[in-house]
There are 2 protein chains.
Amino acid sequence: MTDQFELNMDEYLPLREVVFKTLRKAILTGELKPGERLMEIHLAKKIGVSRTPIREAIHKLEQEGLVTMMPRRGAIVAEISEKGLRDVLEVRRALDTFCAELACERISEEEKEALRAACIDFEEAVKTGDATVIAKADVAFHDIIIGATGNERMVMMINNLAEQMYRYRFEYIKDVSNRERLIKEHRVLMDAILKENVIGARDAAREHIDNQEKSILMQIHLED
Amino acid sequence: MTDQFELNMDEYLPLREVVFKTLRKAILTGELKPGERLMEIHLAKKIGVSRTPIREAIHKLEQEGLVTMMPRRGAIVAEISEKGLRDVLEVRRALDTFCAELACERISEEEKEALRAACIDFEEAVKTGDATVIAKADVAFHDIIIGATGNERMVMMINNLAEQMYRYRFEYIKDVSNRERLIKEHRVLMDAILKENVIGARDAAREHIDNQEKSILMQIHLED
DNA sequence: GATGGTAGAATTGTATACAAAGTACAAAAT
DNA sequence: ATTTTGTACTTTGTATACAATTCTACCATC
């Protein structure tokens, strides 16, 4: 009587989506480096499809801000300037602090429980020392807060902004010296939200982004 | 000695862009109504191009949130729910208040002058009574404030959010009873920014969006 | 040596062809 | 009368062909 026949009838994914995900991953992991050209025929041959889905995927990546297109001369992996990063972080600061406020007002009991669990998961992840695991746990923690706003548009927009910074964020997490601070910041943010302390949550969220910005900008400057 | 040779070397626009703009305008003006199907062959014949640029334009519209696609069954003009509108407005509230704050801190003398001019232009536009003219002057006024932040990403994101609501916003402006209030709100917001009164600017921006939300939601409910 | 022009290759933009899936509707079955 | 099913017709997804533009390299000219 249950939906036991809910077997995945919807396993179809257009090739353009497959290609899109493939290329996005390649960009976010650094396999495709900023400035590198994306040539349709080459990618088509490499991935084993025709040019059409490649083009559609590249256009989607352009909309996401991960590639830059110039008419009649193709696409390159987007180069993000320091100014661009600052801009992204500035928007995130506005949205994340707002999310923290909203979360205080709207978070449900289930979400509170999930938040506690995610906070502990994050601390466990730090213990493993694996940056990939830590990054995932970090994303999960923040997703709960953002999701607690109940605002799907907000979720989409913040996810997109986060994507822009994925590479730098990952480097930030790899830096062991940041990890204890991250744990502390998560705790402060969580406690404020659990107590529905709006001002405390907002301040904690701002502090969290500020520190992220400092580290990322420092790291960028080191790269020269 | 000026840039008098800046002649439009870049008059080339890919067909996909032309089609995109055409369709977007049709959606925003209500010529294509929410729920209406966008069929590639029909549009191709109507506009006089092949399916390829049509497809690319539709995909772009999907990314902008103006159309909804279902794999293998095509695209429809996006239907925006009341919840969706509330969500958009909520994000705008966060961003617009933040922009107002930033504008106080960063606005240049030239931008202050432009803001004064735009405010007067808006009042003049209201006198004409033409909703299209008013809407344009309104957009110009807000564009100066957003632009004063110097954050290009912010500009892009707010523009996209504004686009989602264009139809409703337009109805709002058409309602004569709102116009005097709009003038007053613009004045209050401008004065706060010119005086670099951060708190006043933020409050004025919030009030501005709150009133917009009230009117738009009321209008939606009337439509039933 | 620098400049400019030209042929050819490479690449993107657009159109079209073909395959696969979805839709609509009428005839048949219950 | 309602549901099922078969079939013709649309429509989308992908591949490929062709056109237009840009890039590259080389040669001629100054």
Contact residues, [range] to DNA chain D [heavy atom, < 4.0 Å]:
range: residues 51-64 of chain B; value: B:Arg51, B:Arg55
range: residues 14-21 of chain B; value: none
range: residues 41-49 of chain A; value: A:Val49

Find the distance [X]:[atom1] to [N]:[atom2] and express it as a whole number of Å.
X: B:Arg37; N: D:dT10; atom1: CZ; atom2: P; value: 13 Å
X: B:Tyr12; N: D:dA20; atom1: OH; atom2: C1'; value: 8 Å
X: A:Glu40; N: D:dT22; atom1: CD; atom2: C1'; value: 14 Å
X: B:Arg73; N: D:dT12; atom1: CZ; atom2: P; value: 12 Å

Could [X] and [Y] be called an ion pair, given the rule that one side-chain N must be under 4.0 Å from one carboxylate O?
X: B:Arg116; Y: B:Glu113; result: yes
X: A:Asp87; Y: A:Lys83; result: yes
X: B:Glu171; Y: B:Lys174; result: yes
X: A:Lys60; Y: A:Glu56; result: no
X: B:Asp138; Y: B:Arg169; result: yes
X: A:Lys21; Y: A:Glu17; result: no

Inset, instruction - Of all the heavy-atom pairs spanning A:Leu15 and A:Pro53, show the shortest one and how long it is. - result: CB-CB, 3.9 Å
Legend entry - Closest contact, heavy atoms only, B:Thr132 versus B:Asp130: N-OD1, 2.8 Å
Inset, instruction - Evaluate the ring planes of B:Phe141 and B:His186, with Trp represented by its six-membered ring, and classify them as parallel (under 30°), tilted (30 to 60°) or perpendicular (over 60°). - result: parallel
Inset, instruction - Ignoring hydrogens and angles, tell me if any N or O in the side chain of B:Arg167 forms a donor-acceptor pair with the backbone of B:Thr29 under 3.5 Å. - result: no
Inset, instruction - Only counting residues at least two apart or in another chain, list the ones meeting salt bridge (Lys or Arg N to Asp or Glu O under 4.0 Å) with B:Glu79. - result: none
Inset, instruction - Report the residues that fulfil salt bridge (Lys or Arg N to Asp or Glu O under 4.0 Å) with B:Arg106, sequence neighbours left out, ordered by chain and then residue number. - result: A:Glu90
Legend entry - Contact interval (first through last nucleotide) of DNA chain C with protein chain A, 4.0 Å heavy-atom: C:dT11 to C:dT14
